[in-house]
Participant: 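One structure is given below, represented as structure tokens, and several questions about it will come after.
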Amino acid sequence: MEPSQSTLYRTFLLTAIIVLTLLGAALKLPAFLALAAAWSAMLLVAWFRARRPLEGITARRELYPSAFEGDEVPVEIVLRGDRPARMIEVADSFGPSITVEQRMLEPGPLGPGMEHRLRYVSYCSRHWGVHSVGPIQVTSSDPAGLFHAWKTLPVVEEFAVFPQVYDVAGLSELGARSTLIPHESTAGRPGQSLVAMGVREYRPGDDLRRVHWPATARRGALMVKEVEVDLAPYFTVMIDLDRRHRAGMGRKSTLEYVLRTAASAIWSATRSGGFVQVTGMGAKPFHVPPGRGETHLTFALYELIRAGLDGTTPLSEVALQSIPIVPPSSTVVVVSGTVFLDLAATGDLIEAFRSRGVRVAMFLVNNFSFPAIAGWPPPRAEIVEKSLEVTFFLRSRGVPVRILEESDDLAAALGGGWTP
Amino acid sequence: MRRQPSDFLRARLVALFLLSLAAVYGSILSWTPARATSLLSLSWPPLTMAAAALVGAAMFERLSGFADRQLRDRVRSVAGIMYGAALLLIGLGLLVGHRDASERGIVILQGLQPAFLVLAGFGRGYLGALINAFVLTAASMLAGGLGAAVSATFLGGLLAFFLAADHASRQLTEYPVERLPRAGPILARGALQGLLISASLAGWFALVPAAPYARLQQTGAAVVIPPERLAGLLGNLLFVAVVSAIAFYVVLRLGSGTQGGDAEATLVARVPARRRSQPVAGTAVGDAAPTEKPWSLRVVKLYVRMTEQLARLGRRRRSFQTPREFSATLAPAGSAAEVTELFSRARYGPEDLTESDYDRASQASREILDHHRGRS
């Protein structure tokens, strides 16, 4: 890389000063010394002036603290100075992006007490997780650009990058029940109409709009329509955090597939307007209490990106322990890290849920399709046979199931619904 | 949309023109004052310098991408040796008190000044022109007298003004700012600094007149201008310099030499390669996910960001370079070829790229940036 022009010009001036001084002294010509002195004074003043604008300069960052992978993130930096400043270079470190450093110029003038805003748009090109944003480095220079001074402002924040989520086809239909409770429904879905139970006599307080006029005419007394009790869609996402199901690395790993699938299920359930709770058992119990809306989604994803496959409790046991928190007539989405389920325990579990009117849907991530990181995988034929057996077992009990392989494109696999 | 800091670019060019003129006139005044009396001798420096500065500015971008780095370094080395030979000629002439040899050397240096201005893009910006102006001034100061004082006074001040204009124009060209600052106050600060230096040097030379090098004086080679001619000579030179500077500025203002018109002229209009129909899923509940070619768009944006980062690291993609030509100048070669190929497919191909393509492009761009940051 060639040196920047400022460095070159400063080097030129310093060399010229030395040459002029030597010539002036050797040839006894004061004119050389005068020019050397003038340029030395210029350099000295430049050195002082480069530092002055940085005294008292402060910055703060305005940034929404989370985004999904691949999202563009607008960032605003507010500069405030205590003394006049121009041409301030600002460099911000944006950890979630591969192009970490973002450089901008505040042309000024930035007067004492004034605030100026600088904007940049970055891009979450790194993997999901918690990244840091900052610190901010401000650089000033003298008017001639001969000297630079910089100051690092400790404006450091955490920024959460959530996994890219995909619409899980068919999920909203599973969890949808007609409801009169107003909520933020973000997708059109069936079941919004009222389900009538019958007619009964009018009671004081009944809405006149519910009067059933044909029945009233027949009976000679006011009759009103009666509708079913309505329920809001309610989802429980159960995640398998058993460390024995770890396989693969990076973007091609069971952790990645389990968490991405869970995130997509949470996303789709929230979009359908339902309540969502998440449960699992890693090294520590993992639980996101029920809630709905954007804030709850963000909270659930925050918790999710901190989870790891570090538990020792089998998923069937986790599900069994969670039965009391699953409300009747709701939907359970199970995300397993393996296809080798304990069918007896799974069958009991499905029956237990069914007895309470709970529908179950399952995503099974085939951990043996990923490169093994410990031990030997079973023979391929055995895995295929087990996959078929589990699929048949679950489908025969009315449980929609989708097996996710390492070679699957998650967007297509989840968007394709429950059919393989 | 990026705007060109035209006012600063014009100011830089005017400063360079005046600086060159001061150096050449100073050397004429010091070494061959007889030539300063004829109209031809007075008019060639401003005309040549102005033309050279304009041509150099117009050809800057084209010359800066003319050859690869090794060839440019070789040419610079050869030019440096030749330049050193000219300096040696002057030095030896001065050492033995042989005025003619020094004069010939000075004439060569005067001729080199417009050449440096024209070839600014090939070298390291205007550094060559500054060095030559400095050497001419130093030679004038050896001859002493009025020429030395004029040359040193103007060079000292104009250099400060040039640096201020150059710094502002480079910063504003490098960083896209939404609103260009007013040129007046920034240039005024540079001008004030230059005036202070010039005033202090003028004061010094008024108190201590510039004496010629003792050897030249001993051999009688030092030129002494009769006092009755001095005022007229100086007046003529100043008049020509001021008129030519105004004419030069007018020519620049009319649109030639600074790659464009006024300060509002657009340098680069950034048009998105393909606008998303909807934002990416996830910024809010209810956002829709699908886009027409999301991964292609991301790769294009990644490439644009990479080129911007490289420009800041001194690897600017020239306007006439295709992505493939540009990639040939980058290292590591494999990563550069890969990211360029993905960019071409994303930008011009009919199919959308995949996530793994984007990952490959990200990895390649990271390797390139790390290499050019010197981390590899």
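When reading the values below, keep in mind they use all heavy atoms of this one structure, side chains included, and skip hydrogens, waters and symmetry mates. Each chain gets a letter, A, B and so on, in the order its sequence line appears, and its residues count up from 1.
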Participant: Which region of B/Phe161, side chain (C-beta onward) or backbone (N, CA, C, O), has a non-hydrogen atom less than 4.5 Å from a non-hydrogen atom of chain A, or is it both or neither?
Facilitator: neither

Participant: Quick one: what part of A/Phe12 sits under 4.5 Å from any heavy atom of chain B, side chain, backbone, both or neither?
Facilitator: side chain

Participant: Consider only side-chain N and O atoms of A/Gln164 and A/Trp128, and report whether a donor and an acceptor are under 3.5 Å apart.
Facilitator: no

Participant: Would you mind checking which part of A/Asp409 comes under 4.5 Å of any heavy atom in chain B, side chain (CB onward), backbone (N, CA, C, O), both or neither?
Facilitator: neither

Participant: Just so I understand: if I count every heavy-atom pair under 4.5 Å between each of A/Arg119, A/Met104, A/Glu89 and chain B, which residue has the most?
Facilitator: A/Glu89

Participant: Verify the neighbour count for atom CE of A/Met114: are there more than 12 heavy atoms of other residues, nucleotides or ligands below 6.0 Å?
Facilitator: yes

Participant: Would you tell me whether B/Gln363 and B/Arg366 have side-chain atoms, one donor and one acceptor, within less than 3.5 Å of each other?
Facilitator: yes

Participant: Check whether A/Leu13 gets within reach of chain B through its side chain, its backbone, both or neither, counting any heavy atom under 4.5 Å.
Facilitator: side chain

Participant: Is it the side chain or the backbone of A/Leu35 that comes within 4.5 Å of chain B heavy atoms, both, or neither?
Facilitator: both

Participant: Taking atom CZ of A/Arg83 as the centre, report whether more than 12 heavy atoms of other residues, nucleotides or ligands fall under 6.0 Å from it.
Facilitator: yes

Participant: Not counting sequence neighbours, which residues clear side chain to side chain donor-acceptor pair (under 3.5 Å) with A/Tyr302? List them please.
Facilitator: none

Participant: Contact part of B/Ala138 toward chain A, heavy-atom cut-off under 4.5 Å: side chain, backbone, both or neither?
Facilitator: both

Participant: What part of B/Leu196 is in contact with chain A, defined as an atom under 4.5 angstrom from a non-hydrogen atom: side chain, backbone, both or neither?
Facilitator: neither

Participant: A quick test of your reading: do over 12 heavy atoms of other residues, nucleotides or ligands sit less than 6.0 Å from CZ of A/Phe162?
Facilitator: yes

Participant: Is the cationic atom of A/Arg49 (NZ for Lys, CZ for Arg) positioned less than 6.0 Å from the six-membered ring centroid of A/Phe147 and within 45 degrees of its normal?
Facilitator: no

Participant: In terms of heavy-atom proximity below 4.5 Å to chain A, should B/Ala168 be classed as side chain, backbone, both, or neither?
Facilitator: both

Participant: Identify which of B/Thr354, B/Ile186, B/Val208 forms the greatest number of heavy-atom pairs closer than 4.5 Å to chain A.
Facilitator: B/Ile186

